[in-house]
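Take a look at the following structure, please.
We number each residue from 1, following the sequence as shown.
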Amino acid sequence: MRRTMWSCSEGYVRSCYLGHWALIAGALALFAACGSDDDDNDDVASGGSAGSASTATGGKATGGQSNTGGKATGGASTGGAPGAAGVEQGGTAPEAGASTGGVPGAAGVEQGGTAPETGGSGTGGGSAAAGAGAGGMPSAGAGPIAEAGQGGTGVTPPTPLMLYVACADTTGSIQQYALDREAWAVTPVGTYTTGVSNSWATLNAAQDRMYVCSRTEGRITTLSRDTTTGALTVLGNPVSVPMQPPGVGGEGGAPAVTNPATQVVALDPSEQYLLAANFNANYVYVYDLAGNRTVRSLVDSANDGLQSHQVVFVPGSRRGSVLVPYRGSDLIATYRFDASDGSLTLARTEPVDDDDTDATTGPRHLVVHPTWHEGVYVLNEVAGTIDLFLYDDANGTLTPQSTVSSVPPDYTSADKFASEIAVAPSGDFVYVSNRYGTAAGVTTEGSLGVFAVDVESGELSAIEFEGSRGALPRHFMLSSDGKVLVVGNQNSNNIAVFSVDTQSGELTHQFTRDVCGTPFFVQLIGD
């Protein structure tokens, strides 16, 4: 759980090297600005005219006179004549050069400049496609900075994320949106239905199959997904989820409750099987997949507690380890999963008891740290706490380490009802949602808690608590780069979108939007 720090002599050799070049380029630029008078009226700091060999695409101080990479820390006035100064006339292309507007030309190997290292003016580069150059401060007396919109910085804007919002309405609505991270808005793309109330979904690695379960109906639906448009189509027939496995209970043994209340589904790493945790049935079911990757038939089951609420495969486990929180029994079960036949074998159970009493703690969901797989964070719904466990894959044990509250310190009500937990892709932060109630009439705004992860111990410390902008935030999801968080507020029929500061972990609310009735889960797809 230790971060690797690089010294200058290791990972930063390149930065140190470029730093020397930056000093040399700066000195040459000063000399050129003071001693050159051949083109004072032609080259201006506003960026010049892109695409002309005689006009600087970045200006005298921001690009030089070459249209193949400009003179940004590599041109005639700031780094020697193009093509004559050697191999690295302007720095490295990844920082500026072709990727930031300049196109390396025949006059030199890397003429684009190293604007990020030098702070120079090559971020607009010398390419007509990059415009007149928007980056860099001009040298003294060289003219004004390029006006906003006059040229490009060479930075590719983030592509829209694909967002799915699934609701527990009678038709099983799944709404698709395009989420624009520059305008911070969503555009409706399509609406699809499963025919029954939705409770959870998971996708395969190729993202061309979505598996959706229903909490109110014993059913799992397979949908095909167009990876270009994102359109969903029901594939094959839904699979029935029984209250009990076939043959269990005997004559007259059918339970009074017939709805298994499937909460969560998860694919095994081989993507040959789908596992389902069923709250009312208390069972974890294993289904195999057909050749077209639709859910086919029930092949195994396990029941070692009450109210199974989630199924999590431990990343990198050599034993096929699966963790299942049993909310009603205050325990987490470790199973060994055999991908050759889909069988589940109990390895161990670990009690989750935060107050040393008989009161329910209610482990609901858990998450394994993305890089430190021994770290398991368990969110307890009833107690409103987060437990850190150390996981030993060899014997399946979970050893408790520490506990923190999932709610703000000034929140004193017993109605905490923590719902979802996630770890940032960096592993530096943990996020949780608190509903402050579960009844249909609850209108109290929920919260999103942000916690820092200690790099040595893995223990959590609260950073902030942000309002969820709606009642009963049942589920949220982070984007794959950790920069966006979307939460669905079940009782407010809306979603709230937040930007995430990946350095501090803090959330900034961007907008809220009404969606289909009773949003139960969201899915974010894209980088």
Can you say whether the rings of W372 and H369 are parallel (under 30°), tilted (30 to 60°) or perpendicular (over 60°)?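 W372 vs H369 ring planes: perpendicular.
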Answer with yes or no whether the side chains of Y391 and S321 bring together a donor and an acceptor at under 3.5 Å.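 A pair is found: one side chain offers a donor N or O, the other an acceptor, under 3.5 Å apart.
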With a 4.5 Å cut-off on side-chain heavy atoms, are S499 and W184 touching? yes
Nearest 0.5 Å, what's the NE2-CZ distance between H509 and F498? 5.0 Å
Just by modelled atom types, is the N259 backbone N or O under 3.5 Å from a matching donor or acceptor in the N280 side chain?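 Flag set: sc N280 to bb N259 pair under 3.5 Å.
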Working for side chain to side chain contact (heavy atoms under 4.5 Å, CB included), residues L275 and L344: CA-CA 10 Å; L275 280 66; L344 278 175; 4.2 Å; yes
Sub-3.5 Å donor-acceptor pair from the side chain of S199 to the main-chain atoms of R215, do we have one?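 Flag set: sc S199 to bb R215 pair under 3.5 Å.
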For S433, the side-chain hydrogen bond (donor to acceptor under 3.5 Å, both in side chains) test, sequence neighbours excluded, returns S419
Short N-O contact, R319 and D393, less than 4.0 angstrom: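 So R319 pairs with D393 through a salt bridge.
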To the nearest 0.5 Å, what is the distance between OG1 (T361) and CZ (R364)? 15.0 Å
Is there a donor-acceptor pair closer than 3.5 Å between any side-chain N or O of Q175 and the backbone N or O of C516? yes
What are the two closest non-hydrogen atoms of P370 and V423, and how far apart are they?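 Between these two residues, the closest heavy atoms are CD-CG1, 3.5 Å.
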Is it true that a side-chain atom of N491 and a backbone atom of L472 form a donor plus acceptor pair closer than 3.5 Å? no
As an exercise, state the distance from SG of C167 to CG of N198, rounded to the nearest 0.5 Å.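 Those atoms lie 8.0 Å apart.
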Minimum heavy-atom separation for Y192 and A231, please, with both atom names. OH-CA, 3.3 Å
Does any non-hydrogen side-chain atom of Q510 lie less than 4.5 Å from one of T508?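 Side chain of T508 against side chain of Q510, heavy atoms only: contact under 4.5 Å found.
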Regarding R348 and D392, does a basic nitrogen lie under 4.0 Å from an acidic carboxylate oxygen? no
Residues S214 and V196: closest non-hydrogen pair is CB-CG2, 3.8 Å
Under 3.5 Å, which donor-acceptor pairs do the side chains of residues 442-452 form with other protein atoms, sequence neighbours left out?
residue, atom, partner, partner atom, Å
E445, OE2, R469, N, 2.8
S447, OG, N434, ND2, 3.1
S447, OG, Y436, OH, 2.7

Any donor-acceptor pair under 3.5 Å from E271 side chain to A205 backbone: yes
Does the side chain of V500 reach to within under 4.5 Å of the side chain of L507, using non-hydrogen atoms?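 They are in contact (side-chain heavy atoms under 4.5 Å apart), so the answer is yes.
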So do the side chains of V378 and N380 get within less than 4.5 Å of each other, counting heavy atoms only? yes
Start with the C-alpha distance between T202 and L274, add both sets of side-chain angles, then the distance that settles side chain to side chain contact (heavy atoms under 4.5 Å, CB included), and finish with yes or no. CA-CA 10 Å; T202 192; L274 185 79; 4.2 Å; yes
Euclidean distance, Y285 OH relative to S308 OG, rounded to 0.5 Å: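 It is 9.0 Å, given to the nearest 0.5 Å.
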Could you check whether any side-chain N or O of Q401 sits under 3.5 Å from a backbone N or O of T399, counting only pairs where one atom can act as donor and the other as acceptor? yes
Which heavy-atom pair separates P242 from P260 by the least distance, and what is that distance?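 Minimum heavy-atom separation between P242 and P260: O-CB, 3.7 Å.
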Can you tell me how far apart CZ (R181) and CG (L161) are? Round to the nearest 0.5 Å.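 It is 4.0 Å, given to the nearest 0.5 Å.
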Could you give the distance from CG (L398) to CG (N395), rounded to the nearest 0.5 Å?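 Answer for the CG-CG pair, L398 versus N395, is 9.5 Å.
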Please tell me whether F476 and Y431 form a close aromatic pair, meaning their ring centres lie under 6.0 Å apart. no
So, using ring pair (Phe, Tyr, Trp, His ring centres under 6.0 Å) as the criterion, who are the partners of H365 when residues are at least two apart? W200, H309
Are any side-chain N or O atoms of Q310 and backbone N or O atoms of L366, one a donor and one an acceptor, separated by less than 3.5 Å?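 Side chain of Q310 to backbone of L366: a pair is present.
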Is there side-chain contact between N494 and D514, with at least one heavy-atom pair below 4.5 Å? yes
Please check if the side chain of H475 supplies one atom and the backbone of V522 the other of a donor-acceptor pair under 3.5 Å.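 Checking the backbone N and O of V522 against the side chain of H475, a donor-acceptor pair under 3.5 Å is found.
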Under 3.5 Å: donor-acceptor pair, side chain of T334, backbone of G396: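 Yes, T334 side chain to G396 backbone: donor-acceptor pair under 3.5 Å.
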List the atom of V264, the atom of V311, and the distance in Å for their closest heavy-atom pair. CG1-N, 4.2 Å
Closest heavy-atom pair, S480 versus P425, reported as atoms and distance to 0.1 Å, is O-CG, 3.3 Å
In sequence, state the C-alpha distance, the side-chain angles, and the governing distance for M210 and L232, and then conclude on side chain to side chain contact (heavy atoms under 4.5 Å, CB included). CA-CA 8 Å; M210 180 184 287; L232 301 175; 4.1 Å; yes
Can any side-chain N or O of T518 pair as donor or acceptor with the backbone N or O of A168 at less than 3.5 Å?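 Not at all, since once roles are kept as given, no pair shorter than 3.5 Å links the two residues.
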Side-chain heavy atoms of L289 within contact of R209, under 4.5 Å: no
Begin with the C-alpha distance, continue with both residues' side-chain angles, and end with the deciding distance and a verdict on side chain to side chain contact (heavy atoms under 4.5 Å, CB included) for V432 and Y377. CA-CA 11 Å; V432 300; Y377 298 95; over 6 Å; no
Output, in order, the C-alpha distance, side-chain angles, deciding distance and verdict of side chain to side chain donor-acceptor pair (under 3.5 Å) for N282 and N303. CA-CA 6 Å; N282 304 316; N303 177 1; 5.4 Å; no
Knowing that exactly one of R225, M162, Q523 qualifies, which makes a side chain to side chain contact (heavy atoms under 4.5 Å, CB included) with Q207? R225
So P473 and E420, do their side chains get closer than 4.5 Å, heavy atoms only? no
Is there a side-chain contact between V299 and D288 in this structure, where contact means two heavy atoms from C-beta onward sitting under 4.5 Å apart? yes
What do the steps show when you test Y335 against D304 for side chain to side chain donor-acceptor pair (under 3.5 Å), and what is the final call? CA-CA 10 Å; Y335 296 97; D304 295 283; 2.6 Å; yes
